[in-house]
Protein chains: 2
Amino acid sequence: MPQPPDSRQWQETLRERGYRLTPQRELVLAAVEELGHATPDEVLAKVHERSSAVNISTVYRTLELLESLGLVRHTHLTDRAPTYHSRSGDEHVHLVCRGCERVLEAHLSEFDELAAALQQRHGFTPDVGHLTVFGTCADCRDA
Amino acid sequence: MPQPPDSRQWQETLRERGYRLTPQRELVLAAVEELGHATPDEVLAKVHERSSAVNISTVYRTLELLESLGLVRHTHLTDRAPTYHSRSGDEHVHLVCRGCERVLEAHLSEFDELAAALQQRHGFTPDVGHLTVFGTCADCRDA
DNA sequence: TTCGGTGCAAATTTTTTGCACCCGC
DNA sequence: GCGGGTGCAAAAAATTTGCACCGAA
């Protein structure tokens, strides 16, 4: 589970690189932390719950910034729209069930062997943390 | 490499399910076969090379149909836009290099072990044929 | 002849951009 | 006060949809 982010740490990350700390950036990051996986749209909605009005363009711009800083990442959990998630917790691979849309998480170490094989056979270094695997979960297969 | 598709076979598939055989459908399928991996946009361009004017809406509708018939598949090779490929040849996993945008192909069997592991540990049956792995190819890593 | 398929244009949806104003540092 | 950040509105993509007409079976 995502630890409550250490605010000092990411505030530091921003400043180090010469970026400013704004309430919008704080709100967007908090929303991503809380939602787990969320599209820009969903992030906006979450932020609005807390009443503070933030513009959708700012959400896009902020997510892009946070990603460039390594504070969030995105993957494609559905055929449309990227979804962002925090990197404060463990990195993981997303297992998306086509039946129920549920998202399971697999530990990166489960892909070590695969990574080594792709490296050796294709000279390809996979970015496993960005990986999304589609398929069917146990419940949906049995149903 | 993709075999020249046996036209009788897919024409049969269409009729079996009560769909009509139209020149547009023929052109779109041929374009996908030829391109290997292509976005709807690229398919349209390819079709237009052969002069026959086909509308972009028809491309979208046709790709959707062909996919429902199992004649093509799509994956997400870039952050934007799905790419379609034929299923007449071997199924494979796409390895997309972030550096040069090149797309390598890995054999499905390379993922057997992974599939078994995910099945056992998460009860999850991966759809490996839909998989896309992002990363860095040998050339770009060394560069 | 029939009704599924297509073209066209307009509507949606999602993301990007230009620019004037605002506020963190 | 300076210069990066934000809001807003308009522009750009990328898809989808309604509808009248066309042509495969």
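Proteins come first, then strands; the chains are lettered A, B, ... in the order of their sequence lines, and each starts at number 1. All values reported here derive from a predicted model rather than from experimental measurement.
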Q: Within the pair Tyr60(B) and dT15(D), is there a side-chain N or O less than 4.0 Å away from OP1 or OP2?
A: yes
Q: Using a strict cut-off of less than 4.0 Å between a Lys/Arg side-chain nitrogen and an Asp/Glu carboxylate oxygen, indicate whether Lys46(B) and Glu42(B) qualify as a salt bridge.
A: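 Not counted as a salt bridge, because no side-chain N and carboxylate O are separated by less than 4.0 Å.
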Q: Between Arg73(A) and Glu67(A), does at least one N-O distance fall below 4.0 Å, as a salt bridge requires?
A: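 No, Arg73(A) and Glu67(A) are not salt-bridged.
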Q: Heavy-atom nearest nucleotide on DNA chain D for Gly18(A) versus Arg61(B): which residue maps closer to 5'?
A: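 Counting from the 5' end, the first nearest nucleotide belongs to Gly18(A).
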Q: Please tell me if Thr22(A) has a side-chain N or O lying less than 4.0 Å from either OP1 or OP2 of dG24(C).
A: no
Q: Please tell me which of the listed nucleotides, dT15(C), dT6(D), dC25(C), lies nearest to the side chain of Arg25(A)?
A: dT6(D)
Q: Whether Gln24(A) contacts dC23(C) is assessed here as follows: a side-chain N or O lying under 4.0 Å from the phosphate OP1 or OP2. Is that the case?
A: no
Q: Any chain of hydrophobic side-chain contacts (each under 4.5 Å) joining Val103(B) to Leu114(A)?
A: no
Q: In whole Å, what is the span from the CG atom of Asn55(B) to the C1' atom of dT15(D)?
A: 12 Å
Q: Would you indicate which nucleotide in dG5(C), dG7(C), dG7(D) comes nearest to any side-chain atom of Tyr19(B)?
A: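 From the listed options, dG5(C) comes nearest.
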Q: Strictly below 4.0 Å: does Ser57(B) bring a side-chain N or O up to OP1 or OP2 of dT6(C)?
A: no
Q: Over all strands shown, is Ile56(B) touching base, sugar-phosphate only, or nothing at heavy-atom distances under 4.0 angstrom?
A: nothing
Q: Is the distance between the ring centroids of His85(B) and His92(B) under 6.0 Å?
A: yes
Q: Using the side-chain heavy atoms of Arg20(B), tell me which of these nucleotides is nearest: dT2(C), dT14(C), dT15(D).
A: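 Among the listed nucleotides, the one closest to the side chain of Arg20(B) is dT2(C).
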